[in-house]
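Some notes on the structure that comes next.
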Amino acid sequence: MSDLITYLRKPGGITSPAHAEKLKNTAHALRIAADVAPVLLELVHMQQQERASQHLRDKRAQLQLQADGAAKRLADQILSGGAQNSGWRGQVAELRTALQAGAPSEDDLAAAAQRGRDLTAARDSLDSVLRQMAAVTSLED
């Protein structure tokens with residue numbers, strides 16, 4: 001123990017009880033700082049991760065807006081087809097026109113429906129006549 005006291009009293013060592021108290025307080029503060037440092041480092045690391053994550057979310061939102069705009073422009077381009085009106089809208093309009101031009105008129109449809117009703121009535125009359133003939137034939141036997 002006396003060697004320690006002798007060593008500590010050398011120049012640069014502990015020179016007084018107040019100096020010893022100051023060194024003790026400094027050592028205590030260093031122990032506290034050593035205990036707190038890993039927690040602070042983890043908090044700083046987490047904060048950096050949160051910032052990076054927020055940056056990625058912001059970047060994703062910006063890219064999503066760009067993709068939505070590009071998709072809308074592409075859809076408009078596909079539908080309109082540009083100056084030649086060769087897009088889907090123009091082709092659908094041409095197809096509608098062609099279908100309407102080739103479609104039967106209302107008079108033709110009404111006449112076909114009437115022929116269908118006439119044929120149904122003729123069939124029913126023929127069935128009735130055939131039944132009557134079958135009944136007469138079975139009575140004669």
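Note that the numbering runs from 1 along the sequence shown for the chain. The analysis underlying the following values was restricted to heavy atoms, covering all of them including side chains, and did not include hydrogens, waters or symmetry mates.
How far CG of Asp35 is from CG of Leu40: 11.0 Å, rounded to the nearest 0.5 Å. Note that CZ of Arg73 is 10.5 Å distant from CG of Asp68, once rounded to the nearest 0.5 Å. A distance of 11.0 Å separates CG in Leu30 from CG in Asn25, rounded to the nearest 0.5 Å. The CD atom of Gln64 sits 13.5 Å away from atom NZ of Lys59, with the distance rounded to the nearest 0.5 Å. Of the inter-residue distances, the one linking Leu95 atom CG with Gln100 atom CD reads 10.0 Å to the nearest 0.5 angstrom. We find the CG-CZ distance between Asp118 and Arg123 to be 13.0 Å, quoted to the nearest 0.5 Å.
Judged by distance alone, the side chain of Ser128 and the main-chain N or O of Asp124 form no donor-acceptor pair under 3.5 Å.
Considering only heavy atoms from C-beta on, Arg60 stays 4.5 Å or farther from Leu56 through its side chain.
No side-chain donor-acceptor contact under 3.5 Å links Gln62 and Asp58. For the residue pair Arg51/Gln48, the side-chain donor-acceptor check at 3.5 Å is not satisfied.
Shown here for Ala34 and Pro38, the closest heavy-atom pair between the two residues is O-CD, 3.1 Å.
More than 12 heavy atoms of other residues, nucleotides or ligands sit less than 6.0 Å from atom CD of Gln66.
Leu74 and Trp88 fall within a single hydrophobic cluster, where Ile, Leu, Val, Met, Phe, Trp and Tyr side chains are chained together by heavy-atom contacts under 4.5 Å.
Across Glu42, Gln49, Gln47, a single residue satisfies side-chain hydrogen bond (donor to acceptor under 3.5 Å, both in side chains) together with His45, and that is Gln49.
Salt bridge annotation for Lys72-Asp76: present, with a cationic side-chain nitrogen under 4.0 angstrom from a carboxylate oxygen.
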